[in-house]
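Taking it in order: structure first as structure tokens, then the write-up.
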Amino acid sequence: MGALTVDPGPGHGQDWDDLVRIWEETDAPEGCKVEIIEGIVTVSPPPSKDHNTTAALLQRRLYAVIPEEWEIYQTLGVSVPGRAGVYIPDLLVVPRAVATGPGSRVPAEEALLVVEITSQANANHDRVKKAHGYAKAGVELFLLLDPWHSGRPTATLYGDPDNGTYRVLDVVEYGGKLTLPEPFKLDLDTGILPVS
């Protein structure tokens, strides 16, 4: 949709504060997602019906396996200052205590699971830039649901972050079963997910 370029500097101090202020004050149309990706404030259009359905189906399954003190969020920001970023994952699992109180974002390292569902227009942000940012921040599990992957929708679970790089823990084409490990212990039938 659009982007505003801001020099993020080292991702700390005044430059980071200015970038976050711009993010907070960006007035986007209702339903649009405003994020900071590698120092650039981006505005994405509202997600498609299939995108929303995918998030809802996964959220329903996650609620069956997470403890009572955890929650699943769809519009909560995740701060990744080392990558000059504030991402809004499609689904974020985090302890309720972390997400309680003022503000609209939590530190990325507090995330127990982050889920991104690619859209045709922003697939590379999710596949490359956000994956690197989440790994750099130490997010333990990152699930990428990619209905736009080279004509064959794919679900990839990343884990074991090390210096900005993930290890692939599991990958299946839609139709296969993907296993989320402990503490989730969930076998996800990706055949239920809509294909865009």
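For R60, the CZ atom is loosely surrounded, since the number of other residues' heavy atoms within 6.0 Å does not exceed 12. Within a 6.0 Å sphere centred on CD of E68, heavy atoms belonging to other residues, nucleotides or ligands number 12 at most.
Annotation for L112 and P95: closest pair CD1-CD, 3.7 Å, computed over non-hydrogen atoms. Here the shortest heavy-atom pairing between Q120 and W148 reads N-NE1, 3.3 Å. When all heavy atoms of P161 and A135 are compared, the pair lying nearest together is CB-O, 3.5 Å. Heavy-atom minimum distance, G133 versus V80: O-CG1, 3.5 Å. Closest non-hydrogen pair, A137 versus A108, comes out as CB-CB, 3.5 Å. For the residue pair W70 and P183, the shortest heavy atom distance occurs at CH2-CG, 3.4 Å.
Counting only distance, with no hydrogens or angles, the side chain of Y166 and the backbone of V139 share a donor-acceptor pair below 3.5 Å. Put simply, the side chain of D90 never gets that close to the backbone of A55: no donor and acceptor are under 3.5 Å apart. A donor-acceptor pair is defined here as one N or O able to donate and one able to accept, closer than 3.5 Å; such a pair exists between the side chain of W23 and the backbone of V34. Not one N or O on the side chain of E35 forms a donor-acceptor pair closer than 3.5 Å with the backbone of T42. At distances below 3.5 Å, not a single donor-acceptor pair connects side-chain atoms of T190 with backbone N or O atoms of K177.
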The test is side chain to side chain contact (heavy atoms under 4.5 Å, CB included); show your working for H149 and T156 and say whether it passes.
CA-CA 11 Å; H149 184 264; T156 307; over 6 Å; no
Go through it in stages, so that I can follow the logic: the residues are K130 and I37, the test is side chain to side chain contact (heavy atoms under 4.5 Å, CB included), and I'd like the CA-CA distance, side-chain angles, deciding distance and then a yes or no.
CA-CA 8 Å; K130 287 185 176 182; I37 301 174; 4.0 Å; yes
Trace of the side chain to side chain contact (heavy atoms under 4.5 Å, CB included) decision for F184 with L141
CA-CA 10 Å; F184 297 94; L141 293 173; 3.7 Å; yes
Passes side chain to side chain contact (heavy atoms under 4.5 Å, CB included), L113 versus I66? Steps please.
CA-CA 11 Å; L113 171 69; I66 65 171; over 6 Å; no
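How far NZ of K33 is from CD1 of I88: 6.5 Å, rounded to the nearest 0.5 Å. If you take CG on L178 and CG on L186, they are separated by 8.5 Å, rounding to the nearest 0.5 Å. If you take NZ on K49 and OG1 on T54, they are separated by 13.0 Å, rounding to the nearest 0.5 Å. Of the inter-residue distances, the one linking L145 atom CG with H51 atom NE2 reads 9.0 Å to the nearest 0.5 angstrom. Rounding to the nearest 0.5 Å gives a distance of 13.0 Å between OG1 of T165 and CZ of R167. Note that CD1 of I117 is 10.5 Å distant from CG of D50, once rounded to the nearest 0.5 Å.
At a threshold of 4.5 Å between side-chain heavy atoms, the hydrophobic network of Ile, Leu, Val, Met, Phe, Trp and Tyr places V114 and L58 in two separate groups. Cluster annotation: V78 and Y158 are assigned to the same hydrophobic cluster (Ile/Leu/Val/Met/Phe/Trp/Tyr, side-chain heavy-atom contacts under 4.5 Å, transitive). Hydrophobic clustering, with ILVMFWY side chains joined whenever heavy atoms are under 4.5 angstrom apart, keeps Y73 apart from V65. With hydrophobic clusters built from ILVMFWY side chains whose heavy atoms lie under 4.5 angstrom apart, L169 shares a cluster with L62. Both L19 and V43 belong to a common hydrophobic cluster when Ile, Leu, Val, Met, Phe, Trp and Tyr are linked at side-chain heavy-atom distances under 4.5 angstrom.
For the pair P194/L57, a side-chain contact is recorded, criterion being any heavy-atom separation below 4.5 Å from C-beta on. Looking at heavy atoms from C-beta onward, L188 lies out of side-chain contact with L180 at the 4.5 angstrom threshold. For the pair L76 and R105, the minimum side-chain heavy-atom distance is 4.5 Å or more. Looking at heavy atoms from C-beta onward, P46 lies in side-chain contact with C32 at the 4.5 angstrom threshold. Two residues are said to be in side-chain contact when any heavy atoms from C-beta on lie closer than 4.5 Å; K136 and N163 meet this criterion.
Between the side chains of Y134 and E116, at least one donor N or O lies within less than 3.5 Å of an accepting N or O. A donor atom on one side chain and an acceptor atom on the other are found under 3.5 Å apart for D146 and T118.
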